[in-house]
Structure formats: structure tokens, C-alpha cells
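Here's the structure, in C-alpha cells; my notes come after.
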Amino acid sequence: MTVSRWSVEQILGAVRDLSPEAQREVLTRLPSVLALSADEMAWLRLAEPAFEFWDNPEDAAYDAL
């Protein structure tokens, strides 16, 4: 196991400082660098549709938070 040069808080702070577009790219690419098993990724993908009800105009104000 390698020792991280950055703390979790430093990483989160760096992500907060990114533009919204760069934050979305991090979100898209994050699963490829996390140590998640194929089963864990499958469960996440399976759960995704359960949150589709939030994808509506009334809740669009919260999309950028």
C-alpha cells in the first residue's frame, strides 16, 4: 500500500476549486481510479434509475450545488 501525499480534505478542496465542467469530468472519471469491484460498480449502476425522479425542472435549481 502506498502512502498518499494528499489528505482527503486536500483532495476535496482541490475538487471544490475546479470549474463546474472540470468537476463533472472528475465525477465521470472517478470510478476508473477507485478500488471498486465489478460487483460494487454493478450495484451502483443498478441503483441509478431510482434517483431519476429528481431529474425534473422543479429540482433543476439544485443541480449546480
Side-chain angles (χ1 to χ4, degrees):
M1 183 173 170
T2 61
V3 177
S4 174
R5 296 179 303 215
W6 291 28
S7 71
V8 171
E9 286 304 316
Q10 289 172 313
I11 293 168
L12 293 175
V15 171
R16 271 188 220 105
D17 291 341
L18 294 172
S19 69
E21 295 82 16
Q23 288 179 358
R24 282 190 284 279
E25 182 178 348
V26 168
L27 185 59
T28 301
R29 296 174 59 185
L30 191 58
S32 68
V33 298
L34 294 177
L36 296 175
S37 70
D39 283 345
E40 290 168 318
M41 288 302 298
W43 280 111
L44 290 172
R45 285 190 188 99
L46 183 65
E48 249 180 61
F51 299 98
E52 286 178 353
F53 69 93
W54 273 328
D55 191 14
N56 62 64
E58 293 82 26
D59 291 333
Y62 301 104
D63 290 350
L65 298 179

Exercise. Should the heavy atoms of other residues, nucleotides or ligands under 6.0 Å from CG of Asp55 be counted, would the total exceed 12?
Worked result: no

Problem set entry | Connected hydrophobic set around Leu12, excluding itself, where side chains approach under 4.5 Å | Val8

Exercise. Can you tell me how far CZ of Arg16 sits from CD of Gln23, rounded to the nearest 0.5 angstrom?
Worked result: 9.5 Å

Problem set entry | Rounded distance (nearest 0.5 Å) linking atom CD of Glu25 with atom OG of Ser19 | 9.0 Å

Problem set entry | Members sharing Leu44's hydrophobic cluster (side chains within less than 4.5 Å) | Leu30, Val33, Leu34, Leu36, Met41

Problem set entry | Side-chain cluster (under 4.5 Å, hydrophobic types only) that Phe53 belongs to, other residues | Phe51, Trp54

Exercise. Got a donor-acceptor contact below 3.5 angstrom from the Gln10 side chain to the Ser7 backbone?
Worked result: yes

